[in-house]
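I have placed the structure first, in the form of structure tokens, so that the comments after it can refer back to it.
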Amino acid sequence: MDTIKHGMNGYRIPAYMEEILTHNYCPYFVRMTIIRDGQSYRFSYRPGRLTRINTDTLDIYERLMLLRSLISVCEAAQGHLIGPENYLLEPELIYTEGGTLTAGKLRIMFYPDIRKMRLPQKLMQFTDRLAGGLSREDRQLLTQFRELIESEDINRAKLFLDKHIVRIESRSFGKAG
């Protein structure tokens, strides 16, 4: 895939974060180059073999897996000093290697979040965007997840996702067997 470029003005990314991102010290982001001129930035991303996820084509199981993996990725990136308040979390900025939705294969295209939204708010917005095109029953699952996130109890939200992912896997395994 070719290089993807974006620009931004009037924002300041801390120098340590520029170094972490450009040297790929945090493997949860798409490889990138940052060129800064004062408070003007040019970002160049090199996705390589990564492909952008089309959330419209995902079934409920895949959407739940995506949410669970994104939480894991955001928590892991926090361990690399890049908290979720520093970058946007939008479906069009999520990439994967080989179409796999596990945390180890997901990458986020880093683009600064000037609003500095916290992870629960980002997950609520992301979940709202995932709800389109689903059955009423599947939308209800996402609504329940969203309510847990709204209460800012990330651990209960993760348990909810894990429980429903296993339930769907068990149901699918039961049909296959």
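Quick caveat: nothing in here was measured; it's all calculated off a predicted structure. Reckoned from all heavy atoms, side chains included, excluding hydrogens, waters and symmetry mates.
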*Which heavy-atom pair separates Ala77 from Cys26 by the least distance, and what is that distance?*
CA-SG, 3.9 Å

*asked:* For Ile154 versus Pro120, what's the shortest heavy-atom pair and its separation?
replied: CD1-CG, 4.3 Å

*Is it the case that more than 12 heavy atoms not belonging to Asn54 sit under 6.0 Å from its CG atom?*
yes

*Within a strict 4.5 Å, meaning less than it, do heavy atoms of the Leu64 and Leu142 side chains meet?*
yes

*Between Phe160 and His164, what is the ring plane arrangement, given parallel below 30°, perpendicular above 60°, and tilted in between?*
tilted

*asked:* With a 4.5 Å cut-off on side-chain heavy atoms, are Leu66 and Phe126 touching?
replied: yes

*Please confirm whether the backbone N or O of Ser44 pairs with a side-chain atom of Thr3, one donor and one acceptor, at under 3.5 Å?*
no

*Consider only side-chain heavy atoms of I, L, V, M, F, W and Y, link residues closer than 4.5 Å, and tell whether Phe145 and Val166 are in one cluster.*
no

*asked:* For Arg129, is the CZ atom crowded, meaning more than 12 foreign heavy atoms sit under 6.0 Å from it?
replied: yes

*Would you mind checking if Arg49 and Glu97 are paired as a salt bridge, meaning a charged N to carboxylate O distance below 4.0 Å?*
yes

*If Ile, Leu, Val, Met, Phe, Trp and Tyr residues are connected whenever their side-chain heavy atoms lie under 4.5 Å apart, and connections chain through other members, are Ile35 and Ile13 in the same group?*
no

_Check ion pair Asp113-Lys122 (N to O, under 4.0 angstrom)_ = yes

*Residues that Pro27 engages under side-chain contact (heavy atoms from CB on, under 4.5 Å), provided they are two or more places apart*: His80

*Step-by-step side chain to side chain contact (heavy atoms under 4.5 Å, CB included) determination, Gln121 to Glu152*: CA-CA 9 Å; Gln121 287 75 31; Glu152 298 198 13; 3.4 Å; yes

*Are Ile34 and Phe110 side-chain neighbours, meaning at least one heavy-atom pair lies under 4.5 Å?*
no

_Tyr41 and Tyr11 aromatic centres sub-6.0 Å_ = no

_Hydrophobic cluster identity match, Leu70 and Met117, side-chain contacts under 4.5 Å_ = no

*Would you please name every residue forming a side-chain contact (heavy atoms from CB on, under 4.5 Å) with Ser151, sequence neighbours left out?*
Asp153

_Residues Arg139, Thr143; criterion side-chain hydrogen bond (donor to acceptor under 3.5 Å, both in side chains); working and verdict_ = CA-CA 6 Å; Arg139 276 195 316 273; Thr143 299; over 6 Å; no

*Does a side-chain heavy-atom distance below 4.5 Å link Leu148 with Leu159?*
no

*Would Met124 and Thr127 count as a side chain to side chain contact (heavy atoms under 4.5 Å, CB included) if you check the C-alpha gap in whole Å, the side-chain angles of each, and the deciding distance to 0.1 Å?*
CA-CA 5 Å; Met124 285 188 297; Thr127 302; 5.8 Å; no

*Is any side-chain heavy atom of Ile4 closer than 4.5 Å to a side-chain heavy atom of Val30?*
no

*How close do Ala157 and Ile149 get, heavy atom to heavy atom, and via which atoms?*
CB-CD1, 3.5 Å

_Ignoring hydrogens, what is the shortest heavy-atom contact between Asn86 and Lys116? Give both atom names and the distance._
OD1-NZ, 2.9 Å

*If only atom types and distance count, is the side chain of Arg63 paired as donor or acceptor with the main-chain N or O of Thr55 below 3.5 Å?*
yes

_With side chain to side chain contact (heavy atoms under 4.5 Å, CB included) as the criterion, how do Tyr95 and Ile53 come out once you've worked through the C-alpha distance, each side chain's angles and the decisive distance to 0.1 Å?_
CA-CA 6 Å; Tyr95 285 72; Ile53 293 176; over 6 Å; no

*Decide yes or no for Ile82 and Tyr28: does some side-chain heavy atom of the first lie under 4.5 Å from some side-chain heavy atom of the second?*
no

*Within 6.0 Å of CZ in Arg31, more than 12 heavy atoms from elsewhere*: no

_Would you say Arg46 and Thr33 are linked by a side-chain donor-acceptor pair, where the criterion is simply a distance under 3.5 Å?_
yes

_Heavy-atom side-chain contact between Cys74 and Leu89 under 4.5 Å_ = yes

*Evaluate the criterion side chain to side chain contact (heavy atoms under 4.5 Å, CB included) for residue pair Leu81 and Met17; output intermediate values, then yes/no.*
CA-CA 7 Å; Leu81 304 176; Met17 198 177 303; over 6 Å; no

*Measure up the Tyr45 and His6 rings against each other and bin them: parallel (under 30°), tilted (30 to 60°), perpendicular (over 60°).*
perpendicular

*With the side chain counted from C-beta on, respond yes when Phe43 and Met109 share a heavy-atom pair under 4.5 Å apart, and no when they do not.*
no

*Please report the closest heavy-atom contact between Arg107 and Gly104, naming both atoms and the distance.*
NH1-O, 3.1 Å

